[in-house]
Amino acid sequence: MGQALPKPALRPFLGQDVPVLAAIFVAAIEELTGDDYSEAQQQAWASAADDEEQFGKRLAGELTLIATIQNSPVGFASLKGADHIDMLFVHPSAVGQGVAKMLCEALEKIAGSRGAKSLTVDASDNAAEFFAKRGYVGKQRNTVTVNGEWLANTTMQKMLGDAAPGVST
């Protein structure tokens, strides 16, 4: 019988997390998005973590959760305001271990507890399927310019709690 994988855990963002979260952000973009984005697009996108001070300010300015396995950060997600997932990134070595699901569920619960009726995310092309499986519905396609490169994403929305269709009270 195979050995069980260690279970991921959640904790709040700490200032000293910035270098490892920047590395997770870059690794996820470089290793997981190649089917949907060109190398130039990936480099432009990943450059958001080049200035770690600014990257850290962005994370600190939102509700950011860290997923850990054996106390080592393997992913993170941030909630902007009460109702928008700004970032959700998992290190390629931790993909398929429930990390993204756990982070997303936690943000959904927090958003609901903050009174949000729905949660939105601007999902990259490679993340859209993950969000669709969780009940998010595409609302519009977007094109954003990042360091001179055009990147496409989809604004997706999920109704929460009592606002969700088919939920009786």
Side-chain angles (χ1 to χ4, degrees), residues 5 7-10 13 21-22 24-49 55 58-59 62-69 73-146 149-169:
L5 290 171
K7 293 268 188 241
L10 288 178
F13 167 76
L21 299 187
I24 289 169
F25 177 80
V26 170
I29 292 167
E30 289 179 347
E31 296 180 40
L32 302 175
T33 67
D35 289 344
D36 298 299
Y37 299 96
S38 70
E39 190 173 325
Q41 288 172 315
Q42 289 174 307
Q43 288 174 353
W45 185 6
S47 72
F55 190 72
R58 180 176 175 184
L59 294 170
E62 300 175 356
L63 187 147
T64 301
L65 298 176
I66 312 299
T68 62
I69 294 179
V74 294
F76 67 97
S78 62
L79 184 65
K80 187 175 187 176
D83 62 358
H84 184 75
I85 297 174
D86 184 34
M87 292 193 277
L88 194 163
F89 290 88
V90 175
H91 193 277
S93 67
V95 168
Q97 296 182 46
V99 174
K101 179 180 180 227
M102 182 180 64
L103 285 163
C104 196
E105 285 176 356
L107 291 186
E108 289 168 3
K109 287 177 185 168
I110 292 167
S113 72
R114 289 180 165 186
K117 300 292 183 212
S118 67
L119 193 57
T120 60
V121 62
D122 293 327
S124 64
D125 290 349
N126 60 296
E129 184 179 344
F130 166 80
F131 286 105
K133 286 180 181 176
R134 296 203 45 77
Y136 289 76
V137 177
K139 295 294 181 183
Q140 73 179 37
R141 287 289 287 164
N142 309 300
T143 306
V144 294
T145 306
V146 179
E149 289 291 326
W150 291 91
L151 285 88
N153 65 36
T154 303
T155 298
M156 302 180 80
Q157 181 181 38
K158 179 178 181 174
M159 301 308 291
L160 300 175
D162 294 342
V167 174
S168 59
T169 52

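Computed from heavy atoms alone, side chains included, the values below leave out hydrogens, waters and symmetry copies.
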So CD1 of I110 and CG of L63: to nearest 0.5 Å the spacing works out to 4.5 Å
Find the distance between CZ (F89) and CD1 (I24) and round it off to the nearest 0.5 Å.
11.0 Å
Pairs satisfying ring pair (Phe, Tyr, Trp, His ring centres under 6.0 Å), at least one member in residues 108-127, at least two apart
none
Not counting sequence neighbours, list each pair that qualifies as a salt bridge (charged side-chain N to carboxylate O under 4.0 Å, His left out) and has a residue in residues 73-87.
R58-D86
Can you sort out the partners of A82 under side chain to side chain contact (heavy atoms under 4.5 Å, CB included), two or more places apart, ordered by chain and number?
R114
Looking only at non-hydrogen atoms, find the nearest pair between L10 and A106 and report the distance.
CD1-CB, 3.5 Å
Among all residues two or more places apart in sequence or in another chain, which pass the ring pair (Phe, Tyr, Trp, His ring centres under 6.0 Å) test with F55?
F25
Qualifying salt bridge (charged side-chain N to carboxylate O under 4.0 Å, His left out) pairs, either residue in residues 129-145, two or more places apart:
E105-R134, E108-R134, D125-R141, E129-K133
If you look only at pairs with a residue in residues 26-46, which of them pass as a salt bridge (charged side-chain N to carboxylate O under 4.0 Å, His left out), with sequence neighbours excluded?
none
Pairing residues for S93 by the side-chain hydrogen bond (donor to acceptor under 3.5 Å, both in side chains) criterion, not counting sequence neighbours
H91
If you round to the nearest 0.5 Å, how far is CG of L65 from CD of E62?
11.5 Å
L103 and G75 have their tightest heavy-atom pair at CD1-C, 4.0 Å
Test item: S78 side-chain N/O and L59 main-chain N/O as donor-acceptor pair under 3.5 Å
no
Going by side chain to side chain contact (heavy atoms under 4.5 Å, CB included), name the residues that satisfy it together with V146, two or more places apart in sequence or in a different chain.
A44, V144, L151
Set of residues satisfying side-chain hydrogen bond (donor to acceptor under 3.5 Å, both in side chains) with respect to T64, sequence neighbours excluded
none
Return the set of residues passing side chain to side chain contact (heavy atoms under 4.5 Å, CB included) with A9 (not counting sequence neighbours), or none when no residue passes.
T68
If every non-hydrogen atom of L88 is compared with every non-hydrogen atom of A77, which pair is closest and at what distance?
CG-CB, 3.9 Å
T120: which residues meet the side-chain hydrogen bond (donor to acceptor under 3.5 Å, both in side chains) condition with it, sequence neighbours left out?
H84
Which heavy-atom pair separates Q157 from S118 by the least distance, and what is that distance?
NE2-OG, 2.9 Å
Compare every heavy atom of I66 with every heavy atom of P73, then report the nearest pair and how far apart it is.
CB-CG2, 3.7 Å
List the steps and the verdict of side chain to side chain contact (heavy atoms under 4.5 Å, CB included) for V99 and I69.
CA-CA 9 Å; V99 174; I69 294 179; 4.3 Å; yes
Are the side chain of Y37 and the backbone of Q43 linked by a donor-acceptor contact shorter than 3.5 Å?
no
On a heavy-atom basis, the closest approach of V26 and A46 is CG2-O, 3.9 Å
When rounded to the nearest 0.5 Å, the distance separating CG of L32 from CD of Q42 is 9.5 Å
Kindly state each residue pair satisfying ring pair (Phe, Tyr, Trp, His ring centres under 6.0 Å) with at least one member in residues 108-133, sequence neighbours excluded.
F131-Y136
Is it true that the side chains of T155 and D122 contain a donor and an acceptor less than 3.5 Å apart?
yes
